[in-house]
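Scroll down for the structure; my scribbles are underneath it.
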Amino acid sequence: MKNIILACMMLFLSLSVFAQDNKEKKKEKAHEKHEMMKGHGEQTLKVDNDTHAMVYADKMTTRLNLTAEQKKQVKKAQFKRLDEQKELKEEYKTSMTEKTDDVAGENSEMQEKKMKIQADFKEEMKDILNEVQFSRWEVMHERDMKMKARKKASMDKEKNSKL
């Protein structure tokens with residue numbers, strides 16, 4: 001009888017240790033994922049612009065039934081947009097490290113540049129896609145931009161609540 005009780009206790013202890021270890025691994029994975037997703041303006045998982053543009057072109061090809069030539073042009077346009085955004089982000093980081101009196105003005109200027117990049121991209125897409133494809137793309141793009149804005153607002157709110 002003692003042996004059975006002892007065996008049950010050993011089994012119980014080993015299961016609880018295993019569960020604890022599993023819990024720690026899950027926590028660790030969540031932290032890794034969070035670290036990779038940090039900096040919502042950066043490419044998730046540190047994907048380079050070329051890969052990101054290719055994935056975007058593939059996604060648009062599937063959703064909008066693009067031709068091979070359109071896919072190539074979409075990839076090029078997306079790469080250009082990502083590159084311009086990256087340059088703008090670097091410019092913003094540089095300007096934030098320098099002491100200036102007109103922070104609001106600089107932020108406004110950066111926002112205008114950001115909007116211009118988006119408008120230029122939209123124009124390029126309009127030239128690449130036919131009317132039906134463009135109208136479908138526009139709906140998808142607007143939805144994506146709204147989701148991105150909500151996510152950013154949520155992250156900013158979370159960040160401010162921790163301060």
Side-chain angles (χ1 to χ4, degrees), residues 22 25-163:
N22 201 16
K25 284 181 183 176
K26 282 183 182 179
K27 232 183 223 183
E28 210 172 282
K29 277 186 179 180
H31 286 298
E32 285 175 14
K33 185 176 179 183
H34 178 74
E35 285 299 314
M36 287 189 288
M37 304 276 296
K38 255 186 185 175
H40 42 82
E42 295 174 23
Q43 297 302 318
T44 306
L45 302 176
K46 306 291 185 205
V47 174
D48 66 353
N49 287 350
D50 191 50
T51 304
H52 191 276
M54 184 175 64
V55 169
Y56 183 80
D58 287 342
K59 184 169 81 170
M60 291 302 109
T61 299
T62 303
R63 291 182 178 180
L64 301 174
N65 197 23
L66 302 179
T67 65
E69 183 60 31
Q70 284 177 314
K71 180 180 178 179
K72 186 175 161 184
Q73 292 173 330
V74 166
K75 180 183 174 191
K76 185 178 175 183
Q78 177 68 349
F79 182 81
K80 179 182 170 193
R81 177 177 79 151
L82 292 170
D83 209 32
E84 288 173 351
Q85 287 175 336
K86 187 177 181 180
E87 286 175 18
L88 185 62
K89 187 174 183 177
E90 291 302 316
E91 183 183 326
Y92 181 75
K93 283 181 181 178
T94 303
S95 72
M96 293 309 287
T97 58
E98 297 170 358
K99 187 90 171 167
T100 61
D101 295 331
D102 190 21
V103 174
E106 282 187 28
N107 286 342
S108 175
E109 184 181 324
M110 288 293 169
Q111 191 64 30
E112 285 177 27
K113 288 179 181 179
K114 199 177 196 182
M115 297 298 285
K116 181 167 179 4
I117 292 169
Q118 288 295 343
D120 291 347
F121 179 69
K122 190 173 184 176
E123 277 303 309
E124 280 190 71
M125 292 300 285
K126 191 173 189 176
D127 292 340
I128 296 167
L129 305 173
N130 65 36
E131 286 182 37
V132 174
Q133 290 170 327
F134 182 73
S135 64
R136 288 177 55 204
W137 174 84
E138 212 170 15
V139 170
M140 288 187 296
H141 184 69
E142 291 301 318
R143 183 186 65 226
D144 290 348
M145 292 296 109
K146 285 180 184 175
M147 284 178 17
K148 190 175 181 179
R150 277 194 298 255
K151 185 176 179 181
K152 184 181 182 329
S154 171
M155 291 176 85
D156 289 346
K157 183 178 177 184
E158 184 179 312
K159 190 177 181 180
N160 289 336
S161 69
K162 290 181 180 179
L163 297 177

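As a basis for the values below, the full set of heavy atoms in this structure was taken, side chains included, without hydrogen atoms, waters or symmetry mates. Source: prediction; values computed, not measured.
At least one side-chain heavy atom of K114 sits under 4.5 Å from a side-chain heavy atom of Q111. Inter-residue side-chain proximity for N130 and Q133 is flagged as met; some heavy-atom pair is nearer than 4.5 Å. Contact annotation: the side chain of H52 never approaches that of D48 to less than 4.5 Å [non-hydrogen atoms, C-beta and beyond]. Looking at R150 and M155, their side chains never come closer than 4.5 Å, going by heavy atoms from C-beta outward. Between Q70 and T61, the closest side-chain pair of non-hydrogen atoms is not below 4.5 Å.
The CG atom of N49 sits 5.5 Å away from the CZ atom of F79 when rounded to the nearest 0.5 Å. Taken to the nearest 0.5 Å, the NZ atom of K75 stands 13.0 Å off from the CD1 atom of I128. Here the straight-line distance linking atom OG of S154 with atom CD of E158 works out to 6.0 Å at 0.5 Å rounding. Here CE of M60 is found 8.0 Å from CG of L66. Values are rounded to the nearest 0.5 Å.
Among V74, T51, L82, the single residue meeting the side-chain contact (heavy atoms from CB on, under 4.5 Å) criterion with Y56 is V74.
Salt bridge status for D58 with K71: present, with a side-chain N to carboxylate O gap under 4.0 Å. For K148 and D144, the salt-bridge test fails: no basic side-chain N is under 4.0 Å from an acidic carboxylate O. For the pair K113 and E109, the salt-bridge criterion is met [side-chain N within less than 4.0 Å of a carboxylate O].
Checked against side-chain hydrogen bond (donor to acceptor under 3.5 Å, both in side chains), K80 has the following partners two or more places apart in sequence or in another chain: E124. Applying the side-chain hydrogen bond (donor to acceptor under 3.5 Å, both in side chains) rule to K122 yields the partners E138; only residues at least two apart in sequence or on another chain are considered. Applying the side-chain hydrogen bond (donor to acceptor under 3.5 Å, both in side chains) test to D83 and every residue at least two apart in sequence or in another chain returns nothing.
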Steps toward side-chain contact (heavy atoms from CB on, under 4.5 Å) verdict (L88, E84): CA-CA 6 Å; L88 185 62; E84 288 173 351; over 6 Å; no

Could you please spell out the steps behind the side-chain contact (heavy atoms from CB on, under 4.5 Å) verdict for E90 and E87? CA-CA 5 Å; E90 291 302 316; E87 286 175 18; 5.7 Å; no

I'd like to know whether R81 forms a side chain to side chain donor-acceptor pair (under 3.5 Å) with Q78, so could you lay out the CA-CA distance, the side-chain angles of the two residues, the decisive distance to 0.1 Å, and finally the verdict. CA-CA 5 Å; R81 177 177 79 151; Q78 177 68 349; 3.0 Å; yes

